[in-house]
Protein chains: 2
Amino acid sequence: MADEVGRDPEAVSKFVESFAAQLVEAGMQRMPARVFAALLSSDEGVMSSAELGEQLRISPAAVSGAVRYLTMTHMVSREREPGSRRERYRVHGDQWYEALTNREALIKRWEGALREGVSSLGADTPAGRRMAETLAFFEFVEGEVAAMMERWRAHRRQLFGGEG
Amino acid sequence: MADEVGRDPEAVSKFVESFAAQLVEAGMQRMPARVFAALLSSDEGVMSSAELGEQLRISPAAVSGAVRYLTMTHMVSREREPGSRRERYRVHGDQWYEALTNREALIKRWEGALREGVSSLGADTPAGRRMAETLAFFEFVEGEVAAMMERWRAHRRQLFGGEG
DNA sequence: CGCTTCTTTCAGAAATTTGTGAAGTTAAGG
DNA sequence: CCTTAACTTCACAAATTTCTGAAAGAAGCG
């Protein structure tokens, strides 16, 4: 496996850590953030568990935990080369930020909590009305996001061409 | 100060805690989340420091810290009745979720980190191209969100009328 | 101008979260 | 079927975060 020479490992590491820090500040846990940033900055967008552990100086256990989170949120997918027990993790380049905007499940739960609030506090009370409005906002956003992503794909095609 | 009878305090508290839990899961700290949920479920959308402390069973210090966070993120504003040293905190009903979508500063920093990544890894490398695309996505979203909020306001007017 | 009431700051105790080593599990290859 | 390489799970130590009581800091009111 030829190392990609021409890449300054220190520059890569610097980017990885600084981008991970931004993700952490946005609420992501540290290890998932670092693993994700490492994948994002790898040339192929693919790394093995061992490579991740080595570059980030973390234990296999930490890699495992981070990857579990990242795959559950669909920011990363796992692959296996046929006839190997080496797992490979891939960031899909145009899927991960779609996953980012895709807080569907989260929004659904907010909506659930708000609906309960409206009915338990009373739809005819000021607080109930405030919650009903908030609920309407989330429902609105839910629809808009889908349309926005459609426009993005068109825009992207225009900027980068059909495949990326 | 007449207690609002007709409101079941237990139902209110149940909503407050369950909505706060959702906010926590989305990355907000516990105390800000609880304080915010309490305000949201109050009839006038306004509560004093003492009322918050009493309902949530937390110290004045905790209220202070939570409110500091909430005002910094523009989810809550502080008021003072003239001629009183009692602070009052208000959730604006149609401002707070605008603040929620308004991750302007956050997105700007992500963009900064990505720009650095593109230039330090090389715009002509696969990784550099992946980051450039991600950057383009954020720039796109930034513009779209503003337009979306404009549409929301129109939609809202249609649903609830001009003032709320 | 001092008293009183409310808010903020701060140090530290308590609780939670995080990452590791070690043991356990799965599956490829002989 | 056994060996071995790789990933995962688990208990615990360490680090971090969170919330409180106490003291300090503002600001109305007499």
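Protein chains get the first letters and strands the later ones, always in sequence-line order, with residue 1 at the start of each.
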A:Arg68 has its side chain closest, among D:dT20, C:dT7, D:dT9, to D:dT9
Q) Taking OP1 and OP2 of C:dT8, is either one under 4.0 Å from a side-chain nitrogen or oxygen of B:Arg78? A) yes
Rounded to whole Å, CE of A:Met31 lies from P of D:dT8 at a distance of 16 Å
Rounded to whole Å, CZ of B:Arg80 lies from P of D:dC29 at a distance of 11 Å
When rounded to the nearest 0.5 Å, the distance separating OG of A:Ser64 from CG of A:Leu52 is 11.5 Å
Out of C:dT7, D:dT20, C:dT20, minimum distance to the side chain of B:Ile58 belongs to D:dT20
Per atom distances to the A:Ser59 side chain, the nearest of C:dG19, C:dT20, C:dT8 is C:dT20
Walking DNA chain D from its 5' end, the first of B:Val63 and A:Ser48 to be reached, judged by nearest nucleotide, is A:Ser48
Hits for side chain to side chain contact (heavy atoms under 4.5 Å, CB included) against A:Thr125, two or more places apart or cross-chain, chain-then-number order -> A:Leu121, A:Ala127, B:Asp43
In whole angstroms, the gap separating P of C:dT20 from CG of A:Leu56 amounts to 10 Å
Are there over 12 heavy-atom neighbours, none belonging to B:Arg68, within less than 6.0 Å of that residue's CZ? no
Within residues 20-29 of chain B, those residues having any heavy atom closer than 4.0 Å to DNA chain D are B:Gln29
Checklist entry - Contact class for B:Gly65 (heavy atom, under 4.0 Å): base, sugar-phosphate, or nothing? => result nothing
request  = Give a yes or no on this: more than 12 heavy atoms of other residues, nucleotides or ligands lie within 6.0 Å of atom CD of A:Glu17.
outcome  = yes
Residues 134-154 of chain A vs side-chain hydrogen bond (donor to acceptor under 3.5 Å, both in side chains), sequence neighbours excluded, gives A:Glu98-A:Arg153, A:Lys108-A:Glu142, A:Arg115-A:Glu139, A:Glu144-B:Arg151, A:Glu150-A:Arg153, A:Arg151-B:Glu144
Taking C:dG19, C:dA22, C:dC10 as options, the one with an atom nearest any side-chain atom of B:Ala61 is C:dC10
Looking for any heavy atom pair under 4.0 Å, which part of the strands does B:Arg88 touch: base, sugar-phosphate only, or nothing?
nothing
Atom CG of A:Leu70 and atom P of D:dT8 are separated, to the nearest Å, by 12 Å
Closest to the side chain of B:Glu87, out of D:dC19, D:dT8, C:dT7, is C:dT7
Whole-Å distance, A:Glu81 CD to D:dA6 C1', equals 13 Å
Here the distance between atom P of C:dT7 and atom CD of B:Glu51, to the nearest Å, is 11 Å
Closest to the side chain of B:Arg85, out of D:dC29, C:dG19, C:dC10, is D:dC29
- prompt: Are any of B:Ser84's side-chain N or O atoms less than 4.0 Å away from OP1 or OP2 of D:dG28?
  reply: no
Smallest heavy-atom separation, B:Met131 atom then B:Val118 atom, equals CB-CG2, 3.7 Å
Requested in this report: Considering only NZ, NE, NH1 and NH2 on the basic side and carboxylate oxygens on the acidic side, decide whether A:Arg86 and A:Glu81 come within less than 4.0 Å.
Outcome: no
Which of C:dG21, C:dT7, D:dC7 is nearest the side chain of A:Arg86? It is D:dC7
Of all heavy-atom pairs linking B:Gln22 and A:Arg109, the shortest is OE1-CB, 3.4 Å
